[in-house]
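Have a look at the structure below before the remarks.
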Number of protein chains: 2
Amino acid sequence: MTTTIRDVAARAGVSVGTVSRVLSKNDTVKPRLREKVEQAVRDLNYKPNHLARAFRMSRSDVIGLIVPDITNPFFAELAKHVETVAAARGLFVMLANTHDDPLYEKQQIENLLERSPRGILVVSATDDQTAILETDIPIVAVDRQYARYPAIATDHEWSASLAALHLLENGHSHIAYIAGPEGTAVARARESGFRAGIEKGQADTGLAVRVETVRGAFDFATGEELGRELLQRPVGERPTAIATASDQQAIGVMRAARDLDLQVPQDLSVVGFDDIPLAGLVTPRLTTIRQSVAALAEAAIDAVLDPRPAGSHTQFPGRLIVRGSSGPVA
Amino acid sequence: MTTTIRDVAARAGVSVGTVSRVLSKNDTVKPRLREKVEQAVRDLNYKPNHLARAFRMSRSDVIGLIVPDITNPFFAELAKHVETVAAARGLFVMLANTHDDPLYEKQQIENLLERSPRGILVVSATDDQTAILETDIPIVAVDRQYARYPAIATDHEWSASLAALHLLENGHSHIAYIAGPEGTAVARARESGFRAGIEKGQADTGLAVRVETVRGAFDFATGEELGRELLQRPVGERPTAIATASDQQAIGVMRAARDLDLQVPQDLSVVGFDDIPLAGLVTPRLTTIRQSVAALAEAAIDAVLDPRPAGSHTQFPGRLIVRGSSGPVA
DNA sequence: TTGAAAGCGCTAACAT
DNA sequence: ATGTTAGCGCTTTCAA
């Protein structure tokens, strides 16, 4: 049979209670006994039964991570950091994809909840505000709000304004913004932040700036398509800069520009959002807003371990990463 | 309190044993009683305690997935499919990264093992053959061998030969191959498969083909660097085609080619391996070998659920995906 | 076919 | 400070 706490107790000549105490280390056991127990553990190569412990304490050392799609580089990056931070805290990560389906998302959360995890991190695919589940397992929203759960997110609004300011500083006065889907709060926040940045910049400099906004999915194809429409126009009509709600869109725009024989950044400046790994690999490298994923991950796990009140909010600023895709207006 | 099986039993007027039997559905309970129990479950909104069940049966419904780095698009893709298949089987996935560190990998496997998962899938970062852990929890190697555990993998060798044949068919007679790190079995298999393909092609056509092999990491930077060295040479000396051990290397090569003002595929054909999402997004799109990740994931989970003998091997063929980066020799 | 009862390995009162 | 003991909720003998 597997060796249990009883065997250790017998070997060490102490009671199971004592063994349990030294194993969960938080208690007061005389060094003398502690030493004997530790020796017995070594002798027997005792491994605690986590299943039993979790059952008894009705609380496991697992935290759930729910993302729309792990193949999205941003979520993969997040998952990596979450996993790293979790490991440092002695926690394991259970991963679930929702495939951007609100119903499936809810289902997954419930499935996870039934397994009594220590907490759940959810990057929600939905704007549904009614999703409060009845449980005392801490749930925290990451990267965007989810119902009224405490949220750990990038300050999308403020961060997006950085892109606007950067373009203004480079003298652009005809700018297009490719927004994300209207249905998502993240897209709306980035868009309104971008506009706010423009307005602030205008107020500061007194310059008149023309901004036009188009909208579509966060993906590459959307960027390419909307980018082409914007860039096909004759020179005077054409924006000299395009900012987007995602790097993927921005990279799509760059492709459209190349197809139309426009030089980036000479003929067109492009600014993305997220700083996915690919952003540093395209030619020219993409200027973008980097989210501090490591900070998000750490804060999210801490929020699980040390629960926050509903409706609480922690925001992290994004950072402008200037690379080759943006520059002064020609 | 939470409602337990006892409450259900009381409500249904049966014993806990009976309730347990209908819940685990595999047993023979008279329809009459079964119905009463099911009604009681509904009335009470009873949710089974998975922790208790797992403890009692010393076996959970979790399967571990260990990958070198989830931000690698190939592993992310794999994780997604594994998660999907697992969900369909009522399993959850616990994710762990090893950061390509063999020691940490072993540690993670042991940590996972202590949690009594249903099984473990490992994409190993090491060639270490000595890693047989003592456990009766099924461990299966995915995408590459790991010790003597049953393996589910792409037939890297055969698949790589497809790239060679494709280039030969396009008339290339001076080809460079960028291999992966010598220390990894995957890299070696792809390389030897490529060479075998060349030899086979030569034998079939009677053509003499010059192949030179260089070697480096699987990453983008390596491809760019080695690609540049190969392509800087004067026209006669320069290969007309480069095949690589990874898409990332291939994309690096394409960048180097662009920097040197070489046209792909007119001046240079490029073939990668893996078919990561990015392969379809670069310009021109990358010809590559696609692994059947969905098949791998499904087979791997089935191998966990229905254990195979040590040393067993299941291989899936890769598929040549011809896109814009390769063509007839100029 | 069903009920009764014995634990799985651990933690946390409660005693001492 | 340490030992004793009663379960946590479930599955699974063993009887009936």
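By convention in this document, chain letters (A, B, ...) are assigned in the order of the sequence lines, proteins followed by strands, and residues within each chain are numbered from 1. Remember, predicted model here, so these are calculated numbers, not experimental data.
- For the pair B:Asp143 (side chain) and B:Ala153 (backbone), a donor-acceptor distance under 3.5 Å is absent.
- In this structure, A:Arg32 and B:His50 both approach DNA chain D, and ranking their closest nucleotides by distance from the 5' end singles out A:Arg32.
- A salt bridge links A:Glu298 with A:Arg89: at least one charged nitrogen is closer than 4.0 Å to a carboxylate oxygen.
- Of the residues near DNA chain D, A:Thr28 and A:Arg6, the one whose nearest nucleotide (by heavy atom distance) lies more toward the 5' end is A:Thr28.
- For the side-chain contact (heavy atoms from CB on, under 4.5 Å) test, residues two or more places apart in sequence or in another chain that qualify with A:Ala86 are A:Leu91, A:Val93, A:Ile301.
- Taking atom CZ of residue B:Arg34 and atom P of nucleotide C:dT1, one finds them 11 Å apart after rounding to whole Å.
- Here A:Phe55 packs flat against the base of D:dC8; its ring centre is closer than 5.5 angstrom to the base's six-membered ring, tilted by less than 30 degrees.
- A salt bridge is absent between A:Arg53 and A:Asp61: the closest approach of a Lys/Arg side-chain nitrogen to an acidic carboxylate oxygen does not fall below 4.0 angstrom.
- Phosphate contact (OP1/OP2 of C:dG3, side-chain N/O of B:Ser15, threshold under 4.0 Å): present.
- Going from atom CG of B:Asn49 over to atom C1' of D:dG7 covers 14 Å, rounded to whole Å.
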Item to check | Nucleic acid footprint by protein, nucleotides 11-16 of chain D - heavy-atom cut-off 4.0 Å, B for base, S for sugar-phosphate alone | outcome: BBB---

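- Side chain of A:Thr84 to backbone of A:Lys80: a donor-acceptor contact under 3.5 angstrom is found.
- A donor-acceptor pair under 3.5 Å links the side-chain atoms of A:Glu105 to the main chain of A:Ala125, judged by distance alone.
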